[in-house]
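See below for the structure under consideration.
From a predicted model like this one, the values you see are computed outputs, not experimental measurements.
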Amino acid sequence: MDPDPRAASGPARVPAPAARPGPPARSAVSPLAYPLSPPLSYPGFRWFLTGQAVSLLGSAMAPVALAFAVLDGSGGRPGDLGVVLAARMLPMLALLVVGGVTADRFRRRTVLVAANLGSAAAQGAVAGLLLTGRYALPSVAGLEVLGGVCAAFTTPALRGLVPEVVGAAALRPANALLSTVRNAAKVLGPSLSGGLVVAVGSGPAIVCDAVSFAVAAGCLARLPGDGARPARAAGPVWAAVRGGWREFGRVRWAGPATLSFFVINLVQTGTWQILGPALTERTAGRAVWGLVLSARGVGLLVSGAVLYRMAVGRLLAWGLTAGALGAVPLLVLGARWDAPWLIAGGFAAGLGVCVTGIAWDTSLQEHVPAHALSRVAATGDLLAYAAIPVGQLWVGPLARAYGGFRVVAVAGVMSAFAAVLPLASRAVRGLRHARPPGDGEAPCP
């Protein structure tokens, strides 16, 4: 749900470059209007978006290639794959908040360049082991630990860097473009990786991921200027971590939203990933699962394109409400409806999930001070993501005890309820999309 601080009395203002005034403001009262300063009018954002597009595509290709590589190298032992995946996830979760502190203390561009180069080295070494036939579980798992450490420093810095490369008027459309690129990579990456694995093997596919990180580092190094210099970097790291938690607590709307994300990840993510394929096969056929995932990808892309133009007054509240659509395919599956309904449910889920992510990112960037943005974002991510492995572990025993369809249906109800529950908070309902005066956007109530 991919920053900052709670003590914000108003949005963090990032001045737009004077030489890039953008198109003239529109006076028509319409919910659809281009922002005064389109994000692509900022040279820094163009480099940033290019680097992200390449890196995200490589990262979307890597899981498929890595899965086949580990299975081939281990002689088909699924336990090896579980160890490798956990080796990446656990250090990422453990160090997310430290990554947020680092991104708030140092230039975020520098942090991102270093983290991307580290990821390139880790994935390149994994590819080297596979290409030379020297697969060994400890070696691959250790390299994935390094990749997880780099990911922990990447995510908070990315969120904090967006306000530095675009003007305040362009935050929402910038996040919409980034979301569209991310979702397009999720749609294209696995298919490309699968074809590459079949054609040339898993090692070259992982080489592509390593190269993508190096290209991303090069693009980030081309960002104009030296980036925002942190105001101060005094005190030990753990004191800054505690300060990040305090900042998070001061933002009254962040807590209810993060609790919502935690519950959704707890009851929805593992249920969908683990029970979704098997139950879909029983109700509609194995081929339908791929169609449902494709429909979800289309929904993600459509939603990002719409939010590039749509100005919403209470963006966070609107995004949380839309998040309830993520429960639709679970409810449809639990009711054992036919394939067309499942496919439509996947599309609806894609629409809602994308809106929620863009609303959360934009709200953090607008209302959290720049000096604490990465720490607050990392704290929210940690609290939300920690629920995923717990949900993945308990869904199997619950399905055996109560039946898969019943578990899916209950998870759908709980997910939908958790999505809208934060609206009971006045701080969430009242938070407004902080558009600067005269930005030319027409409000959408």
Side-chain angles (χ1 to χ4, degrees), residues 51-95 99 112-155 182 184-221 273-274 277 286 289-290 293 388-389 392-393:
Q52 283 300 287
V54 175
S55 177
L56 288 167
L57 183 60
S59 296
M61 295 171 63
V64 175
L66 186 63
F68 283 111
V70 172
L71 291 174
D72 290 343
S74 65
R77 293 194 302 269
D80 278 26
L81 181 57
V83 170
V84 169
L85 295 178
R88 183 178 182 88
M89 175 63 71
L90 292 177
M92 187 189 75
L93 290 176
L95 294 174
L112 285 170
V113 169
N116 276 275
L117 290 176
S119 295
Q123 290 298 82
V126 171
L129 290 175
L130 298 174
L131 291 172
T132 57
R134 298 179 180 176
Y135 169 84
L137 178 59
S139 300
V140 174
L143 290 169
E144 289 302 314
V145 167
L146 175 58
V149 170
C150 293
F153 286 83
T154 299
T155 304
R182 185 182 306 115
K186 289 178 181 178
V187 173
L188 297 175
S191 298
L192 290 174
S193 183
L196 196 58
V197 167
V198 171
V200 296
S202 53
I206 296 179
V207 169
C208 291
D209 189 32
V211 171
S212 74
F213 281 117
V215 171
C219 290
L220 290 165
Q273 292 175 343
I274 295 171
R286 178 174 295 186
W289 179 246
L293 295 182
I388 294 177
Q392 290 171 329
L393 289 173

- Kindly give the heavy-atom pair with the smallest separation between L196 and A205, and that separation in Å. CD2-CA, 3.5 Å
- In this structure, CD of Q123 is separated from SG of C208 (nearest 0.5 Å) by 11.5 Å
- Query: From L393 CG over to I388 CD1, what is the distance, rounded to the nearest 0.5 angstrom?
  - Reply: 12.0 Å
- From L146 CG over to R88 CZ, what is the distance, rounded to the nearest 0.5 angstrom? 9.0 Å
- First locate atom CG of L137, then atom CD of E144, and finally report the distance between them rounded to the nearest 0.5 Å. 11.0 Å
- Residue pair A152 / P91: nearest heavy atoms and the distance that separates them: CB-O, 4.2 Å
- Message: So which atom in S55 and which in A216 form the shortest heavy-atom distance, rounded to 0.1 Å?
- Response: CB-CB, 3.7 Å
- Query: Is N116 close to F213 at the side-chain level, that is, under 4.5 Å between some pair of heavy atoms?
  - Reply: yes
- Query: How long is the gap from CG on L130 to OG on S139, to the nearest 0.5 Å?
  - Reply: 10.5 Å
- Determine the minimum heavy-atom distance between A185 and A60, stating which atoms define it. O-CB, 3.2 Å
- Identify the two heavy atoms, one from G147 and one from A122, that lie closest to each other, and give their separation to 0.1 Å. N-CB, 4.2 Å
- Would you find a donor on one side and an acceptor on the other, under 3.5 Å apart, between the side chain of S212 and the backbone of D209? yes
- Mark yes or no for whether T132, through its side chain, and G128, through its backbone, hold a donor-acceptor pair below 3.5 Å. yes
- Query: About how many Å separate CG of L95 and SG of C150, when rounded to the nearest 0.5 Å?
  - Reply: 10.5 Å
- Message: How close do A115 and F153 get, counting heavy atoms only, and between which atoms?
- Response: CB-CB, 4.5 Å
